[in-house]
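For reference, the structure is listed below as structure tokens.
The structure displayed is predicted, hence computed values, not measured ones.
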Amino acid sequence: QVQLVESGGGLVQAGGSLRLSCAASGRTFSSYTMAWFRQAPGKEREFVAAISWRGDSTYYADSVKGRFTISRDNAKNTVYLRMNSLKPEDTAVYYCAATLRVVAVTVEGYDYWGQGTQVTVSS
């Protein structure tokens, strides 16, 4: 089992940048596929990005491709989401997720979730 704690959210102007971090507990972090999802008010939780357990494969939603970068540091048990050129439509609670299964782009593909961190982008 793994516990996830997100940090790094906040208020930023459109065009700005933020880096989210997700710290994981447990000795087997390097075995987990990791992902970021987000949920805006009144909307369903949606896939943002995912990274394989070795970090050699990454996947992105079309809406963030070219602006967001997911990465991981297995020595620090941490996964990151670098967000550049932020837009007001990126405003949401961002969640970190983990699974021992292969990379997925659906909520159902992940077994462990953090509590989320709020990202607000002002226009």
Side-chain angles (χ1 to χ4, degrees):
Q1 191 168 352
V2 63
Q3 293 183 330
L4 306 172
V5 179
E6 303 94 336
S7 62
L11 174 64
V12 64
Q13 288 188 333
S17 299
L18 282 175
R19 189 181 78 159
L20 305 183
S21 299
C22 173
S25 64
R27 295 174 293 176
T28 58
F29 173 76
S30 60
S31 300
Y32 286 85
T33 295
M34 301 296 298
W36 289 94
F37 285 74
R38 66 187 182 186
Q39 188 167 17
K43 295 188 176 182
E44 294 187 351
R45 195 169 296 190
E46 65 174 5
F47 172 78
V48 174
I51 188 166
S52 61
W53 63 274
R54 286 191 299 188
D56 55 350
S57 297
T58 56
Y59 307 83
Y60 296 94
D62 288 343
S63 59
V64 307
K65 203 170 293 183
R67 300 187 298 122
F68 290 11
T69 302
I70 188 171
S71 61
R72 67 189 297 161
D73 185 338
N74 286 343
K76 295 183 178 180
N77 281 15
T78 302
V79 63
Y80 304 98
L81 185 69
R82 177 68 180 181
M83 305 185 294
N84 296 329
S85 302
L86 282 161
K87 305 175 181 180
E89 51 263 44
D90 294 318
T91 295
V93 177
Y94 283 71
Y95 296 91
C96 177
T99 183
L100 288 172
R101 295 174 280 170
V102 297
V103 170
V105 298
T106 62
V107 170
E108 293 74 20
Y110 293 84
D111 304 299
Y112 305 101
W113 294 84
Q115 294 300 306
T117 185
Q118 176 71 47
V119 171
T120 302
V121 184
S122 63
S123 58

A side-chain contact here means heavy atoms from C-beta on lying under 4.5 Å apart; do [X] and [Y] qualify?
{"X": "Asp111", "Y": "Arg101", "answer": "yes"}
{"X": "Met83", "Y": "Trp36", "answer": "no"}
{"X": "Gln118", "Y": "Thr91", "answer": "yes"}

Would you find a donor on one side and an acceptor on the other, under 3.5 Å apart, between the side chain of [X] and the backbone of [Y]?
{"X": "Gln13", "Y": "Ser122", "value": "no"}
{"X": "Asn84", "Y": "Thr69", "value": "no"}
{"X": "Arg67", "Y": "Ser85", "value": "yes"}

Practice item. Please step through side-chain contact (heavy atoms from CB on, under 4.5 Å) for the pair Leu100 and Ser31, ending with a clear verdict. Key: CA-CA 7 Å; Leu100 288 172; Ser31 300; 3.9 Å; yes
For atom [atom1] of [X], is the number of surrounding heavy atoms from other residues, nucleotides or ligands below 6.0 Å larger than 12?
{"X": "Gln3", "atom1": "CD", "answer": "no"}
{"X": "Gln115", "atom1": "CD", "answer": "no"}
{"X": "Lys65", "atom1": "NZ", "answer": "yes"}

Shortest non-hydrogen contact from [X] to [Y]?
{"X": "Leu81", "Y": "Ala49", "answer": "CD1-CB, 4.2 Å"}
{"X": "Ala24", "Y": "Leu4", "answer": "CB-CD2, 3.7 Å"}
{"X": "Val103", "Y": "Ala50", "answer": "CG1-CB, 3.8 Å"}
{"X": "Ser123", "Y": "Ala14", "answer": "CA-CB, 4.3 Å"}

Taking atom [atom1] of [X] and atom [atom2] of [Y], what is their separation to the nearest 0.5 Å?
{"X": "Trp53", "Y": "Phe29", "atom1": "CH2", "atom2": "CZ", "value": "12.5 Å"}
{"X": "Tyr80", "Y": "Met34", "atom1": "OH", "atom2": "CE", "value": "11.5 Å"}
{"X": "Asn77", "Y": "Ser25", "atom1": "CG", "atom2": "OG", "value": "8.0 Å"}

Point to revise | Identified side-chain contact (heavy atoms from CB on, under 4.5 Å) partner of Arg72 from the options Thr58, Thr78, Ile51 | key: Ile51
Point to revise | Pairwise disulfide bond (SG atoms under 2.5 Å apart) hits with a residue in residues 50-109, at least two apart | key: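 Checked against disulfide bond (SG atoms under 2.5 Å apart) - neighbours excluded - the pairs reaching residues 50-109 are Cys22-Cys96.
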Exercise for review: Name all pairs fulfilling the disulfide bond (SG atoms under 2.5 Å apart) condition that reach into residues 37-94, sequence neighbours left out, sorted by first residue then second.
Suggested key: none
Exercise for review: Would you please indicate if the ring centroids of Phe37 and Tyr110 are separated by under 6.0 Å?
Suggested key: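 Ring-ring flag for Phe37/Tyr110: true, centres closer than 6.0 Å.
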Point to revise | Partner set under side-chain hydrogen bond (donor to acceptor under 3.5 Å, both in side chains) for Tyr95, not counting sequence neighbours | key: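 So Tyr95 forms no side-chain hydrogen bond (donor to acceptor under 3.5 Å, both in side chains) with any residue.
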Exercise for review: Indicate the ring-plane relationship of Tyr94 and Phe68, choosing parallel, tilted or perpendicular according to the 30° and 60° boundaries.
Suggested key: tilted
Practice item. List the steps, then state whether side-chain contact (heavy atoms from CB on, under 4.5 Å) holds for Arg38 with Asp90. Key: CA-CA 9 Å; Arg38 66 187 182 186; Asp90 294 318; 2.9 Å; yes
Practice item. Flag yes if Trp113 and Val105 sit in one hydrophobic cluster, no otherwise; membership is Ile, Leu, Val, Met, Phe, Trp, Tyr, and two members link when side-chain heavy atoms are under 4.5 Å apart. Key: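 In one cluster: yes.
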Exercise for review: List the steps and the verdict of side-chain contact (heavy atoms from CB on, under 4.5 Å) for Val79 and Ile70.
Suggested key: CA-CA 7 Å; Val79 63; Ile70 188 171; 4.0 Å; yes
